[in-house]
Amino acid sequence: MGTTPTALRRFLDYAVLSVLAFVFVLPVIYLFLGSLKPSDEVLNGLSGFLPINLSFDNYTAVLDSLNSDSTGYFWRFMGVSLLLAFVVVTGGLFVNSMAAYGLSRLKWRGRNAVFTLVLLLMLVPFESVAVPLFYMFNDQRNTLYILALPFIANAFSVYQFHTFFRSIPPSIEEAARIDGAGPWRTFFAIIVPMSKPAFASVAILTFLIQWGSFLWPVLMISDPSVRPLPLEMSVFQGQQPPDWGQILAFGVLLVLPVLIVFAFFQRWFVQGVASSAVKG
């Protein structure tokens with residue numbers, strides 16, 4: 001009899017979580033089904049969830065409409081976004097993890113003050129510095145590197161790495177130091193392999209932010225040849241009359257790389273979230 005309340009509570013927990021998960025996944029289902037329907041059947045309310053008249057015509061139409069010099073090429077837009085995401089994610093993992101290691105494991109004067117500054121930077125939204133950055137880098141507009149440069153160093157990523165590194169027992173580094181390993185070797189040979197969950201969490205969150213970046217490309221990009229995918233989608237959506245089936249198909253193509261990245265890193269990402277929750 002003692003296990004009945006526990007079993008009932010567990011059932012209620014899973015029931016509530018299942019309902020919430022279903023509510024959150026409904027827009028994704030609608031996006032996917034709408035991308036397979038004719039445009040005049042997309043905005044039909046709840047009937048949009050009915051799997052009828054499905055085809056891949058909208059996807060074909062999107063790729064065909066973005067396949068010329070006048071409109072730009074879809075795969076070029078996709079390539080620009082993938083390249084930017086790769087540079088920001090890999091550069092960010094390197095820069096932010098090393099900064100966090102220096103702040104969390106190395107002893108030097110002013111360390112606490114610098115870490116406090118990092119925490120304060122987390123409170124500054126990018127929108128508040130976007131216009132000053134625009135005037136600062138106005139001569140570098142329509143270049144790929146200017147789309148990535150402001151986002152490689154990230155205060156929140158430094159904080160995530162810092163929190164994880166602080167949980168690693170100091171005895172491990174002391175043993176490496178006794179064996180003759182310096183800070184660089186200790187970091188790359190010991191700390192990095194032990195921090196896969198932290199690296200996966202930061203990689204996924206950085207990729208999500210960079211992949212959906214819109215404000216900065218709007219300010220800095222007017223040349224279609226270096227236009228990332230989210231900016232091109234806004235241009236595509238603004239065409240008149242709007243074809244909602246094709247717009248939703250474009251949305252699916254925009255979301256697909258995010259799902260692939262999450263599926264690849266999700267095991268370490270869940271471990272990183274779980275460990276952060278335990279520390280919290």
Side-chain angles (χ1 to χ4, degrees), residues 31-32 34-35 39 56-96 125-154 157 202-262 264-265:
L31 172 68
F32 179 72
S35 70
S39 183
F56 289 97
D57 292 344
N58 290 324
Y59 292 90
T60 304
V62 170
L63 297 179
D64 289 342
S65 63
L66 298 176
N67 193 32
S68 66
D69 292 334
S70 60
T71 61
Y73 297 88
F74 177 86
W75 297 113
R76 177 180 292 175
F77 302 135
M78 175 73 80
V80 168
S81 290
L82 289 174
L83 177 61
L84 292 174
F86 176 79
V87 171
V88 172
V89 170
T90 55
L93 291 178
F94 181 77
V95 170
N96 297 316
F126 177 75
E127 290 77 8
S128 64
V129 297
V131 173
L133 285 175
F134 169 78
Y135 286 107
M136 184 183 302
F137 297 111
N138 189 49
D139 293 338
Q140 285 77 43
R141 295 181 71 240
N142 293 313
T143 58
L144 287 176
Y145 77 89
I146 202 59
L147 291 178
L149 184 62
F151 304 100
I152 292 178
N154 184 275
S157 297
V202 172
I204 289 178
L205 295 177
T206 304
F207 181 86
L208 287 175
I209 295 172
Q210 177 58 35
W211 188 259
S213 177
F214 183 76
L215 175 61
W216 188 239
V218 166
L219 293 175
M220 302 303 294
I221 298 300
S222 58
D223 184 356
S225 64
V226 290
R227 185 182 293 164
L229 205 56
L231 182 56
E232 174 56 29
M233 185 175 181
S234 71
V235 176
F236 186 84
Q237 184 177 350
Q239 297 177 356
Q240 298 296 328
D243 190 310
W244 291 107
Q246 294 184 25
I247 292 172
L248 294 187
F250 202 126
V252 172
L253 294 173
L254 180 63
V255 170
L256 191 59
V258 177
L259 298 179
I260 294 174
V261 169
F262 181 79
F264 183 78
F265 287 105

Looking at residues at least two apart in the chain, or sitting in another chain, which of them share a side-chain hydrogen bond (donor to acceptor under 3.5 Å, both in side chains) with S35? Y59
Mind jotting down which residue pairs meet the side-chain hydrogen bond (donor to acceptor under 3.5 Å, both in side chains) criterion with at least one end in residues 226-235? Sequence neighbours excluded, please. R227-E232
Does a side-chain heavy-atom distance below 4.5 Å link L248 with F32? no
Does some side-chain heavy atom of P224 sit less than 4.5 Å from a side-chain heavy atom of R76? no
Looking only at non-hydrogen atoms, find the nearest pair between P242 and I247 and report the distance. CB-CD1, 4.1 Å
Between the CD atom in Q246 and the CG atom in L66, the distance rounded to the nearest 0.5 Å is 9.0 Å
Does a side-chain heavy-atom distance below 4.5 Å link Y135 with N138? no
Would you call the rings of W216 and F126 parallel, tilted or perpendicular, where under 30° means parallel and over 60° means perpendicular? perpendicular
Any donor-acceptor pair under 3.5 Å linking the side chain of W211 with the backbone of V255? no
According to side-chain hydrogen bond (donor to acceptor under 3.5 Å, both in side chains), who are the partners of T206, at least two apart in sequence or on a separate chain? none
I want to check something: taking the side chain as every heavy atom from C-beta on, are V226 and T143 in contact at a cut-off of under 4.5 Å? no
Restricting to non-hydrogen atoms, name the atom on S65 and the atom on F236 that form the minimum distance, rounded to 0.1 Å. OG-CE1, 3.6 Å
Just jot down the side-chain hydrogen bond (donor to acceptor under 3.5 Å, both in side chains) partners of T71, sequence neighbours excluded, or say none. S68
From S39 atom OG to D57 atom CG, the distance as rounded to the nearest 0.5 Å: 12.5 Å
So, does N67 use its side chain to make a donor-acceptor pair with the main chain of L63 at under 3.5 Å? no
If you look at every heavy atom in P228 and L84, which pair is closest and at what distance? CB-CD1, 4.4 Å
Rounded distance [0.5 Å steps], CG in L144 versus CG in L149: 12.5 Å
Apply side-chain hydrogen bond (donor to acceptor under 3.5 Å, both in side chains) to T90 and list each qualifying residue two or more places apart in sequence or on a separate chain. none
Could you check whether any side-chain heavy atom of V89 comes within less than 4.5 Å of a side-chain heavy atom of Q210, counting everything from C-beta outward? no
Heavy-atom closest pair (L93 atom, A203 atom, distance to 0.1 Å) is CD2-N, 4.0 Å
Of all the heavy-atom pairs spanning N58 and A249, show the shortest one and how long it is. CB-CB, 3.8 Å
Does any pair with a residue in residues 61-87 pass ring-ring contact (aromatic ring centres under 6.0 Å, His included), and if so which ones, sequence neighbours excluded? F74-F250
d(S157 OG, I209 CD1) to nearest 0.5 Å is 7.0 Å
Got a second to check how far L229's CG is from S213's OG, nearest 0.5 Å? 12.5 Å
Straight-line distance of M136 CE to I146 CD1, nearest 0.5 Å: 9.5 Å
How close do L253 and M78 get, heavy atom to heavy atom, and via which atoms? O-CE, 3.7 Å
Side chain proximity check, L219 to R141, heavy atoms < 4.5 angstrom: no
